[in-house]
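Written out below as structure tokens is the structure these notes cover.
Every chain is numbered from 1 and lettered A, B, ... according to where its sequence line falls, protein lines coming before strand lines. Quick caveat, the model's predicted, so the values are computed rather than measured.
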Amino acid sequence: QITLKESGPTLVNPTQTLTLTCTFSGFSLSTYGGGGVGWIRQPPGKALEWLALIYWDDDRTYIPSLKSRLTITKDTSKNQVVLTMTNLDPADTATYFCAHRMSEVGAFDSWGQGTLVTVAS
Amino acid sequence: DIVMTQSPASLAVSLGERATIRCKSSQSVLYSSNNKNYLAWYQHKPGQPPKLLIYWASTRESGVPDRFSGSGSGTDFTLTISSLQTEDVAVYYCQHYFGTFAFGPGTKVDVK
């Protein structure tokens with residue numbers, strides 16, 4: 001059974017850097033079968049927005065509009081994926097989800113519950 | 001970048017009736033080498049994470065009721081709920097995973 005859980009701050013000041021951690025179980029991100037782990041966010045009342053994804057082979061892909069502000073990394077020994085977002089703005093207030101991408105499925109088959117991050121002073 | 005659009009933005013359907021949601025991609029998401037459409041559908045209810053319903057445009061995820069079906073190819077896709085149930089009230093998103101990823105704007109489905 002695959003599980004994922006997001007953790008990180010709930011309140012961040014504008015211009016600061018956000019670090020979110022996704023801790024997962026039920027698969028390994030060090031082998032092909034592990035697929036990948038992505039981050040998706042949803043601002044209040046708005047649609048889902050994919051942000052970044054890291055594959056088992058350490059390949060990474062980012063949403064073009066935010067690429068300069070995002071970094072995604074993995075620690076396979078801890079079964080964690082970390083997303084860093086710099087220069088936060090109130091518009092970055094959202095629920096942030098991490099999700100597993102199974103290679104055979106292609107889409108995000110398992111999701112964490114999400115964590116709400118508010119950007120405000 | 002491939003941009004996803006959906007229609008309608010919202011719809012209300014009587015219980016037991018059919019609900020149809022359309023999704024369009026700005027470029028084809030059909031990969032010719034394997035003849036697969038890199039298109040998924042999700043159901044999202046408030047306070048819950050999104051749930052994968054359909055992948056490869058028409059393959060139902062394990063455990064998803066067979067009243068949900070996906071169809072289409074290339075740039076035009078459809079999600080059909082054949083007989084709407086109360087538990088189907090949610091927002092539905094299409095998403096492409098053709099190289100990168102992007103979600104559509106969502107379609108809110110309610111009971112009339």
Item to check | Residue part contacting chain B, namely of A/Leu53, when any heavy atom lies under 4.5 Å | outcome: side chain
Checklist entry - Measuring from B/Phe103:CZ to A/Gln42:CD, what's the distance to the nearest 0.5 Å? => result 10.0 Å
Next on the checklist: Same cluster or not: A/Leu51 versus A/Val119, using hydrophobic residues (I, L, V, M, F, W, Y) connected whenever any side-chain heavy atoms lie under 4.5 Å apart?
Outcome noted: yes
Next on the checklist: Which one wins on heavy-atom pair count under 4.5 Å against chain B: A/Leu48, A/Ile40, A/Thr61?
Outcome noted: A/Leu48
Item to check | Over all atoms of both residues, closest heavy-atom pair of B/Ala40 and A/Ala107 | outcome: CB-CB, 3.6 Å
Next on the checklist: What part of B/His44 gets within 4.5 angstrom of chain A, counting heavy atoms only: side chain, backbone, both, or neither?
Outcome noted: side chain
Checklist entry - Applying the 4.5 Å side-chain criterion to the ILVMFWY set and letting contacts propagate, would A/Leu83 and A/Leu11 be lumped into a single cluster? => result no
Checklist entry - Taking the six-membered ring for Trp, is the centroid-to-centroid distance between A/Trp39 and B/Phe101 below 6.0 Å? => result no
Checklist entry - Under a single-linkage definition using a 4.5 Å side-chain heavy-atom cutoff for Ile, Leu, Val, Met, Phe, Trp and Tyr, are B/Leu30 and B/Leu39 assigned to the same hydrophobic cluster? => result no
Next on the checklist: For a 4.5 angstrom cut-off between non-hydrogen side-chain atoms, does B/Leu52 reach A/Val105?
Outcome noted: yes
Checklist entry - Looking only at heavy atoms, what is the nearest atom pair of A/Ala47 and B/Tyr93, with distance? => result CA-OH, 3.5 Å
Checklist entry - Is it the case that one hydrophobic cluster holds both A/Leu116 and A/Leu4, taking links as side-chain heavy atoms less than 4.5 Å apart, direct or via other members? => result no
Checklist outcome for this item: What one should report as the nearest heavy-atom pair of B/Gly47 and A/Gln113 is O-OE1, 4.2 Å
Checklist entry - What part of A/Glu104 is in contact with chain B, defined as an atom under 4.5 angstrom from a non-hydrogen atom: side chain, backbone, both or neither? => result backbone
Item to check | Leading residue by heavy atom contact count with chain A [cutoff under 4.5 Å; candidates B/Glu61, B/Gln95, B/Lys51] | outcome: B/Gln95
Checklist entry - Near B/Asp1 CG, under 6.0 Å, is it more than 12 heavy atoms from other residues, nucleotides or ligands? => result no
Item to check | When B/Ala102, B/Gly104, B/Pro50 are compared by non-hydrogen pairs under 4.5 Å with chain A, the top option | outcome: B/Pro50
Next on the checklist: Please check: side-chain N/O of B/Tyr42 versus main-chain N/O of A/Phe108, any donor-acceptor pairing under 3.5 Å?
Outcome noted: yes
Item to check | Same apolar cluster: B/Trp41 and B/Tyr31, side chain cutoff 4.5 Å | outcome: yes
Checklist entry - With a cut-off of 6.0 Å (strictly less than), are more than 12 heavy atoms of other residues, nucleotides or ligands near NZ of B/Lys45? => result yes
Item to check | CA sep, side-chain torsions, deciding dist, call: A/Trp111, B/Gln48, side-chain contact (heavy atoms from CB on, under 4.5 Å) | outcome: CA-CA 10 Å; A/Trp111 295 63; B/Gln48 298 182 19; over 6 Å; no
Checklist entry - Checking A/Phe97 against chain B: side chain, backbone, both or neither under 4.5 Å from a heavy atom? => result side chain
